[in-house]
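Let me begin by presenting the structure, written as C-alpha cells, before commenting on it.
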Amino acid sequence: MEDLTRLIDRLETDQVLNREDFIRLIREHTPDTDEYLFQKADRLRQQSYGNEIYIRGLIELTNYCKNDCLYCGIRRSNRSAQRYRLDQEDIMECCRTGYELGFRTFVLQGGEDGWYTDEKVCRILTSIKHDYPDCAVTLSLGERSRKTYQAWFDAGADRYLLRHETATPEHYAKLHPPELSLAHRMECLRDLKEIGYQTGCGFMVGSPFQTTEHLAEDLLYIHKLRPQMVGIGPFIPHHDTPFAKEPAGTVNDTLFFLAIIRLMLPKVLLPATTALGTIDPNGREKGVHAGANVIMPNLSPLSVRKKYMLYDNKISTGEEAAESIDSLRKRMAAIGCQVIVGRGDYKK
Ligand code: SAM
C-alpha cells in the first residue's frame with residue numbers, strides 16, 4: 001500500500017485526492033506524517049505570501065439571530081443571551097479605532113438579523129468606503145438573496161464569509177433546524193462567487209456526529225468550489241445549546257485540516273481562528289506553522305464583546321483584541337512573520 005507520505009506528496013502535486021484516499025489520510029495520519037504535512041503547508045504559505053500575516057478587524061454587529069443552529073450560542077432559542085446590535089455610528093467608531101491601529105480590512109459579522117435591511121447595510125458600506133477608500137470590507141451576515149448580495153457588492157463589499165458547515169446533507173440536518181438546508185447554503189456560495197466576491201466557505205472540526213466520510217466530502221466540496229478563503233476552527237460547546245455536553249474538536253485535528261487545505265489551495269486566505277486561539281493559547285502560532293496566513297482580532301466595542309458568545313469561554317482579550325495588536329505583532333515576529341498594514345487581498 002502507498003506510504004502515507006507519498007499520499008501527502010500526491011496531494012501537494014495534484015491539489016486533490018479521491019474520496020478513498022482522503023479517507024485514508026484522515027484515518028491513518030500520525031504525529032510523524034502530520035509533521036511532514038505541516039512543513040509542506042508552512043512552506044507553501046511562505047511561497048504564496050512570504051512572511052506576511054494579514055490581519056482583519058472583526059466587528060460583531062449583532063447577536064440577534066432568526067436561526068436556531070444547534071451548535072451556536074446566539075441561536076434564537078437561547079433565552080439567556082443578552083441581545084445587542086450596533087448602529088452605523090457604532091460601526092464607524094470601530095472602523096476609526098481599527099484604522100488607527102493599522103487594520104485595512106473590516107469584517108462585519110453577525111447573526112441573521114432583519115434589522116440590518118439591504119438599504120441599511122448599503123449605507124454602512126458606502127460610509128466605510130467613503131471614509132476609508134483604501135480598506136476592504138468583508139461581510140459575514142449569513143444567507144440572503146442573490147439580489148441582496150449583488151446590492152451589497154455594488155455598494156462596495158469585497159469579500160463574503162459563509163461557512164458551508166458540512167457538505168453532507170444528512171449531517172447538515174443534524175446540526176441545523178429543518179428550515180435550513182445545505183442546498184440553499186451552497187446556492188448562496190455559488191451566487192457570491194459568481195457576483196465576484198472573494199468568497200469563503202468552511203466548517204467546524206469535530207462538530208457533533210461528524211465522521212471521516214463527512215470530512216472527506218468537505219474537502220471534495222472545497223476543491224470543487226475553489227474559494228478564495230476557508231474558515232475552519234474547532235467546534236466548541238456552548239452550555240445553553242443542545243450540544244452543551246458534546247466534546248470540543250481538538251487542536252491537532254484543526255491543524256491537520258488547515259494544512260490539507262493549504263496544500264489543496266496554495267493561495268487561499270486561511271485564518272487561524274478565534275476558536276483555535278480559545279482552545280490553545282498558542283493556537284495562532286501553531287495555525288501559522290500549519291499554513292494559516294490570516295488573523296482576525298476582535299474590534300467590537302468592549303461593552304458587547306462578552307455578548308457575542310458563540311461558544312463557551314470565547315476569547316476576546318489579550319492578542320485576540322484589536323487594541324493588543326502590538327503584542328500580536330511581537331508574537332508573530334517571534335516566529336519570523338510580519339503583520340502587515342494593507343488590505344491583504346487574495347493573490348491570483
Ligand atoms: N450568521 C452568519 C453565518 O451563519 O454564516 C455569521 C455568524 S455565525 C455565528 C459564524 C460561524 O460561527 C459559523 O459559521 C459557525 O461555524 C461558527 N460557530 C457557531 N457556533 C460555534 C461553536 N459552538 N463552535 C465553533 N464555531 C461555532
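For ligands, and for the atoms within them, numbers begin at 1 and follow the listed sequence.
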Which bit of P234 gets closer than 4.0 Å to ligand 1, counting heavy atoms only: side chain, backbone, both or neither? backbone
For the pair Y160 and W152, name the ring-plane relationship: parallel under 30°, tilted 30 to 60°, perpendicular over 60°. parallel
Tell me whether [X] is salt-bridged to [Y], with the criterion being a basic N under 4.0 Å from an acidic carboxylate O.
X: K66; Y: D113; answer: no
X: D191; Y: K147; answer: no
X: R19; Y: E213; answer: no
X: E323; Y: R305; answer: yes
X: R76; Y: E112; answer: no

Ring centroid separation F256 to H29 under 6.0 Å: yes
Tell me if the aromatic rings of Y132 and Y99 count as close, with their centers under 6.0 Å from one another. yes
Give the residue and atom name of whichever protein heavy atom lies nearest to [atom], and the separation in Å to one decimal.
atom: atom 22 (C) of ligand 1; result: I236 O, 3.4 Å
atom: atom 26 (N) of ligand 1; result: M204 SD, 3.4 Å
atom: atom 20 (N) of ligand 1; result: Y71 CD1, 3.4 Å
atom: atom 9 (C) of ligand 1; result: L310 CD2, 3.4 Å

Give the single entry among [options] that approaches [atom] most closely by any heavy atom.
atom: atom 5 (O) of ligand 1; options: E112, R185, H176; value: R185
atom: atom 17 (C) of ligand 1; options: E60, R163, H164, M309; value: R163
atom: atom 6 (C) of ligand 1; options: G110, P237, A275; value: G110

Classify the side-chain pair D9/Y36 by whether it contains a donor and acceptor separated by less than 3.5 Å. yes
In this structure, does ligand 1 have an atom that sits under 4.0 Å from one of the heavy atoms of S140? yes
Atoms of ligand 1 close to [X] [distance to a heavy atom under 4.0 angstrom, numbered from 1]:
X: Y308; result: 7 (C), 9 (C)
X: L162; result: 5 (O)
X: E165; result: 13 (C), 14 (O), 15 (C), 16 (O)

State whether any protein heavy atom lies less than 4.0 Å from atom 2 (C) of ligand 1. yes
